[in-house]
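Here is the structure we will look at, set down as structure tokens.
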Number of protein chains: 2
Amino acid sequence: MRRLAEELDTGPASLYVYFRNAAELRSAVLDELLVEVDLDPVTGEGDWRDRLHAVVDSYLAVLMKYPSLARSVLLTRPSPSGPRFMDLVEALLVLLHQGGVDGQRAAWAVDLLLQVATATGVEQGTAAENPGDERGWDALADAVDRADAIRYPRVRALGAELLSGPGEERFRWGLSVLINGILISPAPAGDV
Amino acid sequence: MRRLAEELDTGPASLYVYFRNAAELRSAVLDELLVEVDLDPVTGEGDWRDRLHAVVDSYLAVLMKYPSLARSVLLTRPSPSGPRFMDLVEALLVLLHQGGVDGQRAAWAVDLLLQVATATGVEQGTAAENPGDERGWDALADAVDRADAIRYPRVRALGAELLSGPGEERFRWGLSVLINGILISPAPAGDV
DNA sequence: ACCTGAACACCGTTCAAGT
DNA sequence: ACCTGAACACCGTTCAAGT
């Protein structure tokens with residue numbers, strides 16, 4: 001608020017002429033930034049799974065470019081509802097439709113895909129913001145190293161595997177899990 | 001910080017004797033609160049899937065009781081690494097082991113399960129904190145209602161389905177998706 | 001040595017006053 | 001009518017001064 005107001009050579013009060021509050025301003029900025037999401041894969045060729053991967057990856061890339069905005073997606077009301085966000089939702093629905101996922105499941109699947117991508121963006125983004133501060137990893141790594149073998153047998157058995165692998169690979173695997181899971185998980189009986 | 005300090009009849013500076021910063025204090029409080037997570041299902045009887053569901057549900061319930069702490073799990077470094085958090089990780093690893101999930105996948109699966117549960121806690125918790133403010137839903141519902149049929153055919157085709165269903169049911173379905181997906185998604189070839 | 005009052009450098013938001 | 005300076009009510013953190 002104050003930083004932006006200064007950038008515009010005015011006081012913070014002026015922003016309240018155009019936005020009800022800080023959350024709404026962030027929402028608007030975020031939606032503007034979502035133009036950078038590459039939706040071309042929707043109309044492209046190849047396996048719909050790969051194209052879904054590509055779109056969600058692109059969304060994550062944008063979030064990671066602006067960590068503070070990723071945060072606002074997850075924790076500020078109102079939730080995003082601008083045209084660019086709607087484009088993204090539509091794109092995901094189209095791809096799931098191509099994959100033969102029925103309506104109810106597709107609707108919930110979009111939520112889940114965006115939620116995981118957004119949460120990943122927040123985590124990685126916050127980590128990238130405090131570069132020197134790798135004590136987050138260290139604290140967990142230390143805890144795993146020092147874990148008592150009696151109380152934490154599985155933690156000990158896995159050891160380094162718990163922390164291994166680059167974030168990108170973990171995220172790709174996570175997406176596969178979601179897509180595979182969506183395909184084989186029936187919607188609750190009561191609703192459809 | 002200041003509120004807690006006042007509660008203890010002292011100034012905020014005193015807290016810095018025991019904690020490096022606010023994030024570390026929140027981390028410590030959160031770990032203390034995680035005692036409320038019911039880990040009994042780990043040693044219980046019945047399908048391991050149902051018991052995994054129960055543990056993650058219980059974790060989510062605790063997060064939703066303390067929304068501001070749920071937020072800190074997702075966006076403050078260092079990430080949780082206290083004994084109660086380790087108990088939770090161990091519990092999930094044990095259940096996945098019972099389900100025949102191998103080490104590398106189990107490690108990543110724990111990340112994914114906790115991430116989805118935490119993100120859900122943050123979203124629902126933040127929504128519950130501003131009770132009158134259902135404009136978040138309304139904004140999205142309005143956007144769906146007013147969506148142009150040419151630009152957003154799938155959004156229009158689904159309509160209300162996009163917003164339907166109680167959060168709890170959606171979360172349960174999400175967990176099923178994860179568990180099913182974890183079971184059939186092989187770990188990347190390079191690692192195992 | 002251990003604790004803390006007071007100050008510092010920030011926030012978002014409101015409202016009376018200006019043009 | 002539209003905009004904004006100044007004030008309000010908060011934050012987390014630091015550091016010199018107290019015991």
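Naming convention: chains lettered A, B, ... in sequence-line order (proteins, then strands); numbering from 1 in each chain. Remember, predicted model here, so these are calculated numbers, not experimental data.
- A donor-acceptor pair under 3.5 Å links the side-chain atoms of B:Arg51 to the main chain of B:Val42, judged by distance alone.
- Between B:Glu32 and B:Arg84 there is a salt bridge, since a side-chain N of the basic residue sits under 4.0 Å from a carboxylate O of the acidic one.
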Atom pairs under 3.5 Å: protein N/O with N/O of nucleotides 15-19 of chain D:
none

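- Atom CZ in A:Phe171 sits 13.0 Å away from atom CG in B:Asp111 (nearest 0.5 Å).
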Enumerate all atom pairs, one protein N or O and one N or O from nucleotides 8-12 of chain D, separated by less than 3.5 Å.
| residue | atom | partner | partner atom | Å |
| --- | --- | --- | --- | --- |
| D:dC11 | OP1 | B:Arg3 | NH1 | 2.6 |
| D:dG12 | OP2 | B:Met1 | N | 3.4 |
| D:dG12 | N7 | B:Arg2 | NH1 | 2.7 |
| D:dG12 | O6 | B:Arg2 | NH1 | 2.5 |

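- Rounded to whole Å, atom C1' of D:dT13 lies 14 Å from atom CD of B:Glu24.
- For the P atoms, the distance from C:dA9 to D:dA9 is 22 Å, rounded to whole Å.
- The distance from atom CD of A:Glu6 to atom P of D:dT4 is 15 Å, rounded to the nearest whole Å.
- In the model, A:Asp87 has a side-chain atom that pairs as donor or acceptor with a side-chain atom of B:Tyr152 under 3.5 Å.
- By the 6.0 Å contact criterion, CD on B:Glu168 is open, its count of non-hydrogen atoms from other residues, nucleotides or ligands being 12 or less.
- Counting heavy atoms from C-beta on, the side chains of A:Leu162 and B:Leu93 come closer than 4.5 Å.
- Following chains of ILVMFWY side-chain contacts shorter than 4.5 Å, one can reach B:Leu158 starting from B:Leu163, so the two form part of one hydrophobic cluster.
- A stem is defined here as three or more consecutive Watson-Crick or G-U pairs, each with both distances under 3.5 Å; for DNA chain C these stems are C:4-8 with D:12-16, C:12-16 with D:4-8.
- If you check every strand for non-hydrogen atoms under 4.0 Å, B:Phe19 touches nothing.
- In this structure the side chain of B:Asn180 never reaches within 4.5 angstrom of the side chain of A:Asn180, judged on heavy atoms.
- Other residues, nucleotides and ligands contribute more than 12 heavy atoms inside 6.0 Å of the CD atom of B:Glu36.
- Distances shorter than 4.0 Å separate none of the side-chain N or O atoms of B:Ser14 from OP1 or OP2 on C:dC3.
- Side chain of A:Ser27 to main chain of A:Glu24: no donor-acceptor pair is present (N/O by atom type, distance under 3.5 Å, no hydrogens or angles).
- Rounded to whole angstrom, the span from the CG atom of B:Asp9 across to the C1' atom of C:dC3 amounts to 15 Å.
- In this structure, A:Leu15 atom CG and D:dT4 atom P are separated by 9 Å, rounded to whole Å.
- The 12-atom threshold is not exceeded at NE2 of A:His97, counting heavy atoms of other residues, nucleotides or ligands nearer than 6.0 Å.
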